[in-house]
Amino acid sequence: MNAIIGYCDPFCAAPGEPVRFMVSCDGVASYRTEIVRLICADDSPGGPGYKEECIATALDDSYPGVYQAIHPGSWMYVAPCADLDALTSFSVQAFIWPSTPEKGRQGVITRWSDSGSTGFGLFVDAAGCAAFTLGDAAGNTATLSTGARFLPRQWYFVAASYDADTHVARVVQRPLKSFPGIADSGEASETVTLGAVHAPGVPLAIAAFGGDPIPGEPPTAVAHFNGKIDRPRFARRTLSPNEMTALTESDIPSYLESAVVAAWDFARDMSSTKAHDLSRNELHGTLNNFPTRAVTGHNWTGEAMSWRDAPDHYGAIHFHDDDICDAGWQVSFTLDVPEKARSGIYAARLASGGVEEYIPFCVRPPRGTTSANIAFLVPTATYMAYANYVSWADLPVAEKLFSALWVAEDADLFINEHREFGASTYDSHLDGSGICHGSRLRPMLNLRPKRRQLWNLNADTHITDWLEALGFPYDVITDEDLHREGLDILSPYRAVVTGTHPEYYSREMLDALEGYTASGGRLVYTGGNGFYWRIAFHPETTGIVEVRRCNGTRNWIARPGEHYHAFDGQFGGTWRELGRTPNRLVGVGFASEGFDYSTHYVRQPDSFDPRAAFIFEGIGKNEHIGNFGSVGGGASGIEIDRADQALGTPPHALVLASSDGHSNNYLVVLEDIPLNYPGTGGAESPLVRADLVFFETAEGGAVFSTGSIAWAASLAHNDYNNNVSRITENVLRRFLDDTPF
Amino acid sequence: MSLGPDYTDAYEITEDDRKLVTAFRRQPIGQHSPALQRILVKMRGEPIKGKYVLICQEYHKKWALAQMTGNPENPIEIVEERVFSNLEDAEWEVFKRRWEKYTGRDLAE
């Protein structure tokens with residue numbers, strides 16, 4: 001049990017800048033606080049050994065332990081206001097696509113208080129039918145149900161209305177597509193005995209109903225709806241069937257303008273957390289917890305694939321009861337990064353009794369300066385995408401993929417038991433749809449040094465550890481810095497070194513790296529599966545990325561018509577499908593993945609080219625490269641990339657060495673398979689390999705790529721005296737030499 | 001077109017497969033013969049409910065055998081205190097259990 005958990009914001013700061021830490025404690029009265037610089041986060045027996053360095057700060061020695069709750073579930077709300085409070089008769093309607101109609105009561109359009117039993121709500125009821133509940137100020141209630149069960153993942157028109165003069169309440173449920181023998185259409189009408197239906201102080205909610213307000217706290221909600229809601233409408237009187245139909249149009253008909261309280265157009269302001277009200281009342285909604293926008297609506301035909309081409313076909317939002325992006329916790333303490341703190345990977349170490357927690361962050365050099373001629377590019381977008389990965393517990397194929405039993409560590413068990421912290425972009429929501437948002441504004445429970453798989457952060461510190469062991473000074477820059485500042489942040493550096501898994505790239509990040517290599521920069525890509533997914537950063541809230549898994553090798557498949565980002569309107573998926581292959585940038589691109597063992601590279605004829613002589617200085621002609629290492633026992637493994645001129649590997653690139661002997665648990669990636677055929681395992685297919693590649697770029701620049709995540713875990717073997725370390729050192733020393741290539 | 005004499009039981013695990021067991025015991029994780037791989041594809045593809053996983057109790061030293069329940073309230077249960085000091089022994093234990101499940105026979109027989 002993690003009794004102390006937390007996150008920080010920003011993830012990277014310069015000396016003199018603040019980093020806020022948001023911490024929640026369970027049964028911990030207070031915790032000691034230290035700031036450490038992480039040199040090597042790997043404490044496994046076969047690794048270089050765990051290394052951290054405590055630094056002096058102005059923080060207190062300890063802070064009180066306070067529990068902070070997390071409230072997952074996306075919904076829209078409009079704060080209580082006079083317009084809403086004045087209503088007596090009313091009508092609500094929407095198209096809905098319930099994805100878990102069987103899960104229990106779910107709010108669709110509500111202004112309901114459970115504790116007071118007051119207000120109204122159009123719900124999916126406990127039986128999975130549309131229901132309308134009303135309550136008066138005295139707490140008297142009435143509920144009508146259509147009695148017709150929704151089919152999951154089908155579109156319906158639903159509506160509810162109440163006439164305060166006649167006391168007639170009505171609820172309607174109509175499928176947009178009927179199936180013989182399935183009775184999923186229904187309606188109910190009843191004269192109810194109630195006083196005024198009124199819920200002062202209660203927010204109007206879509207996809208939930210508001211929880212009891214807590215003074216000073218942001219609003220929370222319960223009874224979250226799973227599925228899509230399209231064109232929700234709210235009128236100040238009952239509407240005839242024809243009027244309801246007219247109100248399903250994308251614009252409000254002029255003759256109904258005076259009747260409409262609100263008509264939300266979810267296709268507007270697509271990248272924002274605002275839901276636009278078309279009516280003159282401007283009851284714009286606030287979207288909490290980042291539901292998925294830019295999804296197909298009830299009328300999507302397939303003619304338009306982008307919401308920008310046909311916004312009226314994208315009038316839906318997909319809400320999930322497990323959406324969470326920003327935990328919104330109170331700040332527990334703020335670190336002012338000491339002026340003398342060197343650039344690097346750091347963590348706040350919080351400890352109490354036997355409980356210990358690390359919250360990693362980065363320190364960049366003072367703005368506008370550099371303190372080294374190497375920049376180590378920390379792949380924080382990848383960290384965000386993998387935060388709280390839990391597919392091992394959800395996917396029956398996981399054990400086949402890993403080719404071994406999954407070994408669950410403390411963080412895995414905690415994430416699996418506490419889905420309220422939100423799973424990763426590799427996982428699916430509880431309703432089965434893929435999670436397309438990754439966030440660092442919540443505890444990233446698997447991003448921790450020590451006692452973890454050698455993956456992402458821990459594996460990346462094999463590179464920082466090696467840089468320090470060999471005496472290479474370096475600065476640290478994160479993906480978010482690169483995204484915001486582009487080429488300017490890279491240009492001062494003689495060489496840029498990537499992490500082991502720089503998989504997620506925004507257009508801005510890719511532009512910057514391409515610009516760097518095209519202008520004399522030297523890039524060392526010490527990883528695999530790099531530059532693979534296109535992502536977008538949220539334009540309003542930093543720390544949240546979006547990925548649409550519409551092609552490539554992927555854990556889930558984006559739905560038809562939902563391949564374009566909401567955050568920036570661009571086509572998502574892999575950069576390869578967008579014509580900007582990793583091969584163009586680094587000479588290699590994703591070839592295969594496997595998790596049983598890693599293997600070595602064999603020198604290829606290009607390695608004897610005089611252009612590559614500096615790389616192989618001190619390396620024997622027949623030496624196997626990297627037949628050792630703490631990730632699978634070899635330097636080529638986990639996720640591997642190969643050269644391919646047809647995919648953009650530059651024609652002058654030297655393929656120096658190729659890996660040999662991967663098992664059949666390594667399979668050719670999906671994007672290399674035009675049609676399925678037997679024999680795509682590593683023991684059978686020549687496409688399953690990692691290539692070591694070097695090539696020169698414009699203005700005297702150069703690129704060196706290892707094409708393997710496992711490479712870095714071989715660097716420290718035999719006290720850093722080995723051919724993986726030697727090759728990497730040879731490359732880096734030459735890359736730091738100003739002499740143009 | 002004939003599907004071939006062994007089509008229907010292509011993925012059935014039978015006593016004939018006993019000859020493959022030694023190879024698994026020797027190297028449970030890694031490249032396997034096609035015949036052994038066939039068995040592992042079946043064994044490792046079991047549904048989540050009842051699926052075996054390991055819980056790391058001491059980093060790189062001690063692993064407990066556990067099973068997933070499919071119940072979100074209590075997703076993983078430790079199996080009768082079966083604890084291992086290396087992953088190969090854990091793989092072997094699960095292999096034996098699955099062998100018995102599919103063949104009805106104890107591998108020790």
Side-chain angles (χ1 to χ4, degrees), chain A residues 42-47 50 103 322 390-420 430 450-454 594-599 630 632-634 637 661-666 678-679 681-684 688, chain B residues 11 24 27-79 82 84-95 97-98:
Chain A
D42 171 15
D43 63 345
S44 68
Y50 183 78
K103 85 152 190 167
D322 58 349
V390 74
S391 288
W392 62 274
D394 289 348
L395 294 181
V397 299
E399 190 183 343
K400 284 198 274 192
L401 178 69
F402 297 114
S403 315
L405 293 165
W406 177 264
V407 177
E409 290 154 351
D410 287 350
D412 298 318
L413 297 172
F414 187 83
I415 296 163
N416 191 29
E417 288 169 15
H418 293 272
R419 298 296 179 106
E420 66 269 27
L430 298 173
K450 297 202 275 191
R451 297 186 300 280
R452 288 292 309 158
Q453 287 180 341
L454 298 174
F595 304 93
D596 50 0
Y597 65 87
S598 306
T599 180
S630 58
H662 291 287
S663 76
N664 276 337
N665 295 316
Y666 281 70
E684 303 155 320
V688 175
Chain B
Y11 276 80
F24 180 83
Q27 184 192 281
I29 299 168
Q31 175 64 33
H32 308 294
S33 69
L36 178 55
Q37 187 74 21
R38 169 189 131 260
I39 291 177
L40 295 175
V41 164
K42 184 178 179 95
M43 286 185 169
R44 289 173 170 166
E46 293 196 323
I48 289 294
K49 188 176 178 184
K51 200 173 186 90
Y52 289 103
V53 293
L54 298 173
I55 293 178
C56 180
Q57 293 188 322
E58 273 183 56
Y59 188 54
H60 271 266
K61 281 187 185 160
K62 189 174 158 193
W63 295 271
L65 186 62
Q67 273 181 298
M68 291 200 265
T69 65
N71 170 15
E73 300 298 316
N74 178 34
I76 292 184
E77 286 176 347
I78 287 187
V79 178
R82 291 305 307 262
F84 306 93
S85 58
N86 68 69
L87 294 174
E88 287 74 19
D89 286 350
E91 290 281 348
W92 174 236
E93 173 65 23
V94 172
F95 185 90
R97 285 165 178 259
R98 287 170 171 167

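To find a chain, count down the sequence lines: A is the first, B the second, and so on, and within it residues start at 1. These numbers were taken from a predicted model, which means no experiment stands behind them.
The greatest number of non-hydrogen atom pairs below 4.5 Å with chain A, out of B:N74, B:I55, B:I48, is found for B:I48. Put simply, of A:L401, A:L430, A:D394, the one with the most heavy-atom pairs under 4.5 Å next to chain B is A:D394.
Contact of A:V397 with chain B is not made at all, since no heavy-atom distance falls under 4.5 Å. With a 4.5 angstrom heavy-atom cutoff, A:L395 touches chain B only via backbone atoms. In this structure, the portion of B:V94 lying under 4.5 Å from any heavy atom of chain A is its side chain and not its backbone. Residue A:A398 does not touch chain B at all, counting heavy-atom pairs closer than 4.5 Å. Looking at B:E91, both its backbone and its side chain come within 4.5 Å of chain A, counting heavy atoms on both sides. Looking at A:D412, there are no atoms closer than 4.5 Å to chain B (heavy atoms on both sides), in backbone or side chain. Only the backbone of B:P47 comes within less than 4.5 Å of a heavy atom of chain A; no side-chain atom from C-beta onward does.
Classification of the A:F402-A:W406 ring pair by plane angle, with boundaries at 30° and 60°, yields tilted. Below 30°, between 30° and 60°, or above 60°: for B:F95 and B:W92 the angle between ring planes is below 30°, a parallel geometry.
A donor-acceptor pair shorter than 3.5 Å can be found between the side chains of B:Q37 and A:N665. Counted by atom type alone, B:D89 and B:N86 present one or more donor-acceptor pairs between their side chains at under 3.5 Å.
Remark: of the listed residues B:E93, B:R97, B:R82, B:R97 is the sole one forming a side chain to side chain contact (heavy atoms under 4.5 Å, CB included) with B:Y52.
Annotation for B:Q57 and B:I78: closest pair NE2-CD1, 3.8 Å, computed over non-hydrogen atoms.
Of the possible donor and acceptor atoms, none in the side chain of B:K51 sits under 3.5 Å from a partner among the backbone N and O of B:M68.
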